Number of protein chains: 2
Amino acid sequence: MREIEHGSEMPVYRQVADAIRDDIEAGRLRPRRPLPSEVHLTQEFGVARDTIRRAIAHLAELGLVRTVAGRGTFVRARGQAVVEIEPGVRIFARRPTTAERDTMELADDEWVLVIERHDGSVEVLPADGAEVRAPGHA
Amino acid sequence: MREIEHGSEMPVYRQVADAIRDDIEAGRLRPRRPLPSEVHLTQEFGVARDTIRRAIAHLAELGLVRTVAGRGTFVRARGQAVVEIEPGVRIFARRPTTAERDTMELADDEWVLVIERHDGSVEVLPADGAEVRAPGHA
DNA sequence: ACGTATTTGTACGTATGTATC
DNA sequence: AGATACATACGTACAAATACG
């Protein structure tokens, strides 16, 4: 049973989420591979399934995992993309092609960002997890 | 008690969310005003609080409401903004000023999009709820 | 400063439905 | 068909944030 502090200031579901996040970042849980099942995780952490589900939902919000009903929750393969916007750059969102949805592990309702630079180069990346940032701003 | 169909194909929490959404769009729930409390809504719809919370969470994802612990859930004042991107337009995200956060009813972790057009006009709008769309794409 | 009431947040349990293999 | 895994929905209890007297 893994280390959960019940009286802590940090909610249990966050502690679980952080632990799983550590597993992902340490490579113990690998991209495209499933997490242990929710029931298994309840035993591993000694918490209720509701709490496990909240932890997983939190990780999904962060874009680290993706859940598929009846199959499992999978580690997503991607890094945080930071796009520096400059004058002359064109950026737009569209639905991904089937091939893109496959290679990027996108859900049905997800979009991609297309960045077209003034030198003609084009970059396509998942819309979620991407951070669009202007130089000089936090 | 309001009209909920339990055996329906649509989950109860979605039915509740849609009903509240209708209330907002019909003006029965007004911008900047609180929703009835969760406990009140359980009685109004005859469902568990868990279900009400899920419905509210769904509306929050859509950007229609905003929840504050200890106070309540409030209707957000905003429309769906659609930004048509053209070549030469500069778009970036930054944290809102205090004044912007106030007038736009933004949470602490929310961002604004700044659209600078080639004619020099600048538009600031909440990043969530905004849809960036390229002409010719769905 | 303090307690109290209200409201949302967290966490537990249990049961059943739906999707996938 | 059966087993497994996630989804939904019910219930209960207590904690934390907020507002007010």
Side-chain angles (χ1 to χ4, degrees), chain A residues 1-20 29 32-62 64-76 102 105 107-109, chain B residues 1-20 29 32-61 64-76 102 105 107-110:
Chain A
M1 196 128 86
R2 287 169 75 178
E3 64 300 331
I4 293 298
E5 189 182 354
H6 268 78
S8 167
E9 184 182 6
M10 182 175 297
V12 175
Y13 82 90
R14 292 289 238 102
Q15 296 181 48
V16 172
D18 287 348
I20 296 174
L29 295 173
R32 298 164 183 276
R33 297 287 304 161
L35 268 59
S37 78
E38 294 174 356
V39 174
H40 183 282
L41 289 170
T42 61
Q43 298 167 341
E44 183 173 335
F45 287 97
V47 301
R49 188 175 160 219
D50 175 80
T51 306
I52 295 293
R53 283 179 62 75
R54 227 107 68 68
I56 289 175
H58 182 70
L59 293 173
E61 273 183 315
L62 296 176
L64 272 72
V65 301
R66 173 190 167 196
T67 293
V68 182
R71 295 221 296 135
T73 298
F74 301 86
V75 179
R76 297 183 81 147
D102 209 87
E105 288 190 299
D108 293 340
D109 60 345
Chain B
M1 197 126 86
R2 287 169 76 179
E3 63 300 331
I4 293 297
E5 188 183 354
H6 269 78
S8 168
E9 185 182 4
M10 182 174 296
V12 176
Y13 81 90
R14 292 289 238 97
Q15 296 180 49
V16 172
D18 286 348
I20 296 174
L29 295 172
R32 298 165 184 277
R33 297 288 304 161
L35 266 59
S37 77
E38 293 174 355
V39 174
H40 183 281
L41 289 171
T42 61
Q43 298 167 342
E44 183 172 336
F45 286 96
V47 301
R49 189 180 158 215
D50 175 79
T51 305
I52 295 293
R53 283 180 63 75
R54 226 107 69 68
I56 289 175
H58 181 70
L59 294 173
E61 273 183 313
L64 272 72
V65 302
R66 173 189 168 195
T67 291
V68 182
R71 295 222 294 134
T73 298
F74 300 85
V75 179
R76 299 184 79 147
D102 208 272
E105 288 189 301
D108 292 340
D109 59 346
E110 285 181 292

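Protein chains get the first letters and strands the later ones, always in sequence-line order, with residue 1 at the start of each. Keep in mind it's a predicted model, so treat the numbers as computed, not measured.
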Trainee: Assuming nearest nucleotide by heavy-atom distance, tell me which of Met10(A) and Gly7(B) is located more 5' along DNA chain C.
Mentor: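 Counting from the 5' end, the first nearest nucleotide belongs to Met10(A).
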Trainee: I'd like to know whether Met1(B) forms a side chain to side chain contact (heavy atoms under 4.5 Å, CB included) with Glu44(B), so could you lay out the CA-CA distance, the side-chain angles of the two residues, the decisive distance to 0.1 Å, and finally the verdict.
Mentor: CA-CA 5 Å; Met1(B) 197 126 86; Glu44(B) 183 172 336; over 6 Å; no
Trainee: Tell me the interatomic distance from Glu9(A), atom CD, to dG9(C), atom P, rounded to whole angstroms.
Mentor: 17 Å
Trainee: Closest approach to the side chain of Val12(A), judged atom by atom: which nucleotide of dC6(D), dT8(C), dA11(C) is it?
Mentor: dA11(C)
Trainee: Measure across Thr42(A) and Arg49(A) and return the closest heavy-atom pair with its distance rounded to 0.1 Å.
Mentor: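 In terms of heavy atoms, the two residues are closest at CG2-CA, 3.4 Å.
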Trainee: Could you give the CD1-to-P distance, from Ile56(B) to dG9(C), as a whole number of Å?
Mentor: 8 Å
Trainee: Can a side chain N or O of Arg54(B) be found less than 4.0 Å away from OP1 or OP2 on dT8(D)?
Mentor: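 Looking at the OP1 and OP2 atoms of dT8(D), one of them is under 4.0 Å from a side-chain N or O of Arg54(B).
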Trainee: When you check the phosphate oxygens OP1 and OP2 of dC10(D), does a side-chain N or O of His6(B) lie under 4.0 Å from one of them?
Mentor: yes
Trainee: State whether the side chain of Gln15(A) and the backbone N or O of Met10(A) hold a donor-acceptor pair below 3.5 Å, judged by distance alone.
Mentor: yes
Trainee: Compare the minimum distances between each of dT8(C), dC6(D), dT8(D) and the side chain of Val39(B), then state the nucleotide with the smallest one.
Mentor: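 My answer, after comparing the listed nucleotides, is dT8(C).
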Trainee: What residues in residues 44-52 of chain A put a non-hydrogen atom under 4.0 Å from any atom of DNA chain D?
Mentor: Arg49(A)
Trainee: Take the protein atom CD of Glu5(B) and the nucleotide atom P of dT8(D), then report the distance between them rounded to whole Å.
Mentor: 17 Å
Trainee: Does any N or O in the side chain of Ser8(B) come within less than 3.5 Å of the main-chain N or O of Glu5(B), such that one atom is a donor and the other an acceptor?
Mentor: no
Trainee: Rounding to a whole Å, what distance do you find between Gln43(A):CD and dG13(C):P?
Mentor: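 One finds 12 Å between P of dG13(C) and CD of Gln43(A), rounded.
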Trainee: Look up atom CG in Leu59(B) and atom OH in Tyr13(B), then write down how far apart they are to the nearest 0.5 Å.
Mentor: 11.0 Å
Trainee: In whole angstrom, give the distance that lies between atom NE2 of His58(B) and atom P of dA9(D).
Mentor: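 Interatomic distance, NE2 of His58(B) to P of dA9(D): 12 Å.
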Trainee: Any idea which heavy atoms bring Glu3(B) and Ala19(B) closest together, and the distance?
Mentor: OE2-CB, 4.4 Å
Trainee: Starting from C1' on dT12(D), measure out to CD on Glu38(B) and report it in whole angstrom.
Mentor: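 After rounding, the gap between these two atoms is 15 Å.
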Trainee: Tyr13(B) OH to dT16(C) P: how many Å, rounded?
Mentor: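 In whole Å, dT16(C) P and Tyr13(B) OH are 21 Å from each other.
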Trainee: Can you tell me how far the OG1 atom of Thr73(B) sits from the CD1 atom of Ile52(B), to the nearest 0.5 Å?
Mentor: 10.5 Å
Trainee: Within the structure, does a side-chain N or O atom of Arg71(A) lie under 4.0 Å from either OP1 or OP2 of dC21(C)?
Mentor: yes
Trainee: Under 3.5 Å for both donor-acceptor distances, Watson-Crick or wobble: does dA1(C) have a partner, and if so which one?
Mentor: none
Trainee: Any side-chain N or O of Arg53(A) below 4.0 angstrom from OP1/OP2 of dA7(D)?
Mentor: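 Looking at the OP1 and OP2 atoms of dA7(D), one of them is under 4.0 Å from a side-chain N or O of Arg53(A).
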Trainee: Nearest whole angstrom, please: distance from the C1' of dT6(C) to the NE2 of His40(B).
Mentor: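 The distance from NE2 of His40(B) to C1' of dT6(C) comes to 14 Å, rounded to the nearest Å.
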